[in-house]
Amino acid sequence: MSSTAQQLPIHHERKPQPFKRHHNASYYVHRVTDSLTTRISKVICGIFLTLLFIVGVAAFITWLSLRPHRPRIHVVDFSIPGLDQPTGFENAEIIFNVTARNSNQAIGYFYDSVEAFVYYRNQAIGSTRLVDSFYQEPKNTTIFYRVLSGATLNMNSDRWMAFRNDRALGTVIFRLDVTAMIRFKVSTWDSKRHRMHSSCDIGVATDGSILPTYKNKRCPVYFT
Ligand SMILES: *[C@@H]1O[C@H](CO)[C@@H](O)[C@H](O)[C@H]1NC(C)=O
Ligand SMILES: *[C@@H]1O[C@H](CO)[C@@H](O)[C@H](O)[C@H]1NC(C)=O
């Protein structure tokens, strides 16, 4: 009985075997379709990641070439003639030549209210408006050459005496600040206005001319 009981299930199994094989085939077809889908999605994912990488690198290179630089302010020349004369304050002059460069590839600057201030021991001794407003193209340099005298120079005999006392020690130190309001222009987009402040110490020799170590110095530029 046990043998028939054992054979019966075998018989039973043998009979539907073609059907079971068919079932297996569809199962494999299903599996093949599955792995095909997986492979296609892998390829798509790979293409997508590659594109993302290329776009990222392109954006990085673009940013490198477009990234904003601050204006570059240099004191090319500075002098206070007549420093060797005791009564030089009567017709004192301060002459300076400052350059402002826009070193950006593609960013323009709108300058407003560009002003220069000359300080001696933190006291403003002269100031002048350099320009009301102008647009500076990328890769362009603007020269500000000015002579401060009379009303733009706040001079008196006491101050001149202080200069002369410093001069007796070899050097008179002044400070030249340039301030402006700046907007950045990228293509058709304009930034909001930022206050720019640059500041340079300037040493002047006994004859009133700028000392070589202070010549062509790049002034630090701050935005506030
Ligand atoms: C001011 O400096 C610039 C740059 O060196 C120079 O080209 C220009 O001739 C100077 N201007 C004067 C008036 O000295
Ligand atoms: C630079 O600016 C000056 C005016 O300051 C202008 O004459 C000159 O054409 C400009 N150069 C370029 C390359 O735009």
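Whatever order the structure lists them in is the order used to number ligands and atoms, beginning at 1.
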Please confirm whether the backbone N or O of Leu83 pairs with a side-chain atom of Arg164, one donor and one acceptor, at under 3.5 Å?
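Here the side-chain-to-backbone pair exists.
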Looking only at protein heavy atoms, which one is nearest to atom 7 (O) of ligand 1, and what is the separation?
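I find the closest protein heavy atom is Ile143 CD1, 3.8 Å.
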Name the closest protein heavy atom to atom 13 (C) of ligand 1, giving the residue it belongs to and the distance to 0.1 Å.
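Among all protein heavy atoms, the one nearest atom 13 (C) of ligand 1 is Tyr145 CD1, 3.3 Å.
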Tell me whether the count of non-hydrogen atoms from other residues, nucleotides or ligands lying under 6.0 Å of CE in Met181 goes above 12.
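Counting other residues, nucleotides and ligands, CE of Met181 exceeds 12 neighbours.
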Are more than 12 heavy atoms, taken from residues, nucleotides or ligands other than Phe223, located less than 6.0 Å from that residue's CZ atom?
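Enclosed: over 12 neighbouring heavy atoms sit under 6.0 Å from CZ of Phe223.
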Please report whether ligand 1 has a polar contact with Asn97, defined as an N or O pair separated by less than 3.5 Å (distance criterion only).
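Yes: some nitrogen or oxygen of Asn97 is under 3.5 Å from one in ligand 1.
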Below 4.0 angstrom from a heavy atom of Val76, which ligand 1 atoms are there? Numbered from 1 as shown, please.
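Checking each atom against Val76, I get 2 (O), 5 (O).
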Would atom 9 (O) of ligand 1 count as contacted, meaning some protein heavy atom under 4.0 Å?
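Neighbour list for atom 9 (O) of ligand 1 is empty of protein heavy atoms (cut-off 4.0 Å).
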If you measure from OG1 on Thr142 to CG on Leu130, what distance do you get to the nearest 0.5 Å?
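Here the rounded value is 10.5 Å.
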So Phe163 and Tyr120, would you call those rings parallel, tilted or perpendicular, with 30° and 60° as cut-offs?
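Rings of Phe163 and Tyr120: perpendicular, as their planes differ by over 60°.
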